[in-house]
Colleague: 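Sharing a structure here in structure tokens format.
Note that the numbering runs from 1 along the sequence shown for the chain.
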Amino acid sequence: MKPKYKTIALDGPAASGKSTLGERLADTLGYIYLDTGVMYRAVTLAALKAGIDINNEILVTTIAENMDLDVRAPSKADGRSNDIILAGQDVTWEIRQPNVESNVSQVSAYRGVRVAMTAKQREIGKRGQIVMVGRDIGTVVLPDADLKIYLDASVEERAKRRFLELVNRGKDAVFETIMIDMQRRDQIDSTRSIAPLKPAVDAKIVNSDQMTIDEVYQYILEMIVSKK
Ligand code: DC
């Protein structure tokens, strides 16, 4: 299959299923997969490791501008979609920890942090044949992407999915806590002044409340294949 779409931008709120979907699409098409959320998580982790106050925008931005971050193809089959290498160290799983989770929305709202990350993402995007996943890929990072998808789902449905995912991994989880945290993150991500979470005007909006991830995958693949 040689699809016409060389750059695919996939945006949406937390736990909308976009990472799973993006990874599967990239795999099927033989494209690079880049989940840009990992970059904001890596900045947050680097700032926490350096003992910097997360409220200090200037210092956090300096970290983002100078950090040694590499996002590579996965070297292990342990469920990772990329290797995230920060200053030579594999932090692929560390960036998923609760202290990163609870600070990343704030860090990703800083203008200078976004400028630095957007530049890195565009550089990778230039390679083409890529599925790039995030919040502002269709609106800011790759406004000329060949296909833009905005994957949405209600906060209740997303919290339910995240809850089940944690329980299935044997973790302790409280549904209400997950939902409140998700609402808080949605609020920060969609109301920040720079690059807020929103669909691009030319994005195809897909609501997955009534669909399984398999159905969403088939639906979008169909869209891509029919444009062959
Ligand atoms: O998708 P995620 O949960 O890994 O994203 C982590 C945080 O980074 C989340 O608060 C939103 C933010 N983010 C962003 O602002 N822009 C992106 N392109 C990707 C993620």
Side-chain angles (χ1 to χ4, degrees), residues 1-42 71-74 79-84 108 114-155 157-158 161-162 182 185-186 189-190 192 194-228:
M1 178 172 43
K2 286 259 178 294
K4 287 232 170 73
Y5 301 124
K6 294 279 185 274
T7 43
I8 300 176
L10 181 49
D11 292 300
S16 55
K18 57 192 190 310
S19 308
T20 312
L21 177 69
E23 207 179 338
R24 261 181 92 176
L25 285 175
D27 197 42
T28 305
L29 299 168
Y31 283 14
I32 299 169
Y33 169 71
L34 179 67
D35 173 3
T36 56
V38 302
M39 296 172 120
Y40 293 98
R41 288 172 180 270
V71 182
R72 301 184 194 149
R80 64 181 63 202
S81 45
N82 290 110
D83 281 6
I84 317 301
S108 66
R114 300 206 70 85
V115 169
M117 293 306 110
T118 299
K120 276 184 194 281
Q121 290 155 13
R122 286 195 181 134
E123 205 47 51
I124 299 172
K126 273 194 208 149
R127 298 178 201 163
Q129 302 219 312
I130 188 162
V131 178
M132 202 181 286
V133 171
R135 303 290 193 288
D136 61 337
I137 310 305
T139 50
V140 176
V141 180
L142 303 174
D144 297 327
D146 301 318
L147 175 65
K148 299 178 187 177
I149 296 158
Y150 186 87
L151 188 59
D152 210 354
S154 65
V155 69
E157 182 60 31
R158 289 183 286 120
R161 289 179 195 163
R162 182 57 56 88
M182 208 160 264
R185 280 179 57 185
D186 282 359
D189 293 346
S190 54
R192 66 180 176 224
I194 170 165
L197 167 68
K198 65 170 183 196
V201 282
D202 50 350
K204 298 196 182 351
I205 300 177
V206 179
N207 186 303
S208 70
D209 268 0
Q210 309 296 330
M211 291 165 103
T212 64
I213 197 71
D214 260 352
E215 288 167 338
V216 177
Y217 166 77
Q218 290 301 341
Y219 176 75
I220 292 171
L221 194 62
E222 188 60 38
M223 205 187 278
I224 295 171
V225 171
S226 62
K227 236 326 205 98
K228 205 157 34 175

Colleague: Go through the steps for R114 and Y40 under the test side-chain contact (heavy atoms from CB on, under 4.5 Å), then give the verdict.
Modeller: CA-CA 8 Å; R114 300 206 70 85; Y40 293 98; 3.3 Å; yes
Colleague: Between T212 (side chain) and E215 (backbone), is there a donor-acceptor pair under 3.5 Å?
Modeller: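 Looks like yes, one N/O pair under 3.5 Å.
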Colleague: Can you find a heavy atom in the side chain of D146 that is under 4.5 Å from one in the side chain of I8?
Modeller: no
Colleague: Mind checking what makes salt bridge (charged side-chain N to carboxylate O under 4.0 Å, His left out) contact with D83, not counting sequence neighbours?
Modeller: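 D83 satisfies salt bridge (charged side-chain N to carboxylate O under 4.0 Å, His left out) with R80 once adjacent residues are dropped.
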Colleague: Working to the nearest 0.5 Å, report the span between OG1 of T36 and CZ of R41.
Modeller: 11.0 Å
Colleague: Are V141 and R122 close enough that some pair of their side-chain heavy atoms sits under 4.5 Å apart?
Modeller: yes
Colleague: Only counting residues at least two apart or in another chain, list the ones meeting salt bridge (charged side-chain N to carboxylate O under 4.0 Å, His left out) with D186.
Modeller: R158
Colleague: Do Y217 and T28 have side-chain heavy atoms sitting under 4.5 Å apart?
Modeller: yes
Colleague: With no hydrogens and no angle check, do the side chains of T20 and R161 hold a donor and an acceptor under 3.5 Å apart?
Modeller: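 Side-chain D/A pair, T20 to R161: absent.
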Colleague: Examine distances only and state if a side-chain atom of N82 and a backbone atom of R72 form a donor-acceptor pair shorter than 3.5 Å.
Modeller: yes
Colleague: Contact between L21 and I220 at the side-chain level, heavy atoms closer than 4.5 Å - yes or no?
Modeller: yes
Colleague: Which residue pairs pass the salt bridge (Lys or Arg N to Asp or Glu O under 4.0 Å) test when at least one of the two sits in residues 16-38, sequence neighbours left out?
Modeller: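 Sorted result for residues 16-38: R24-D214, D35-R96.
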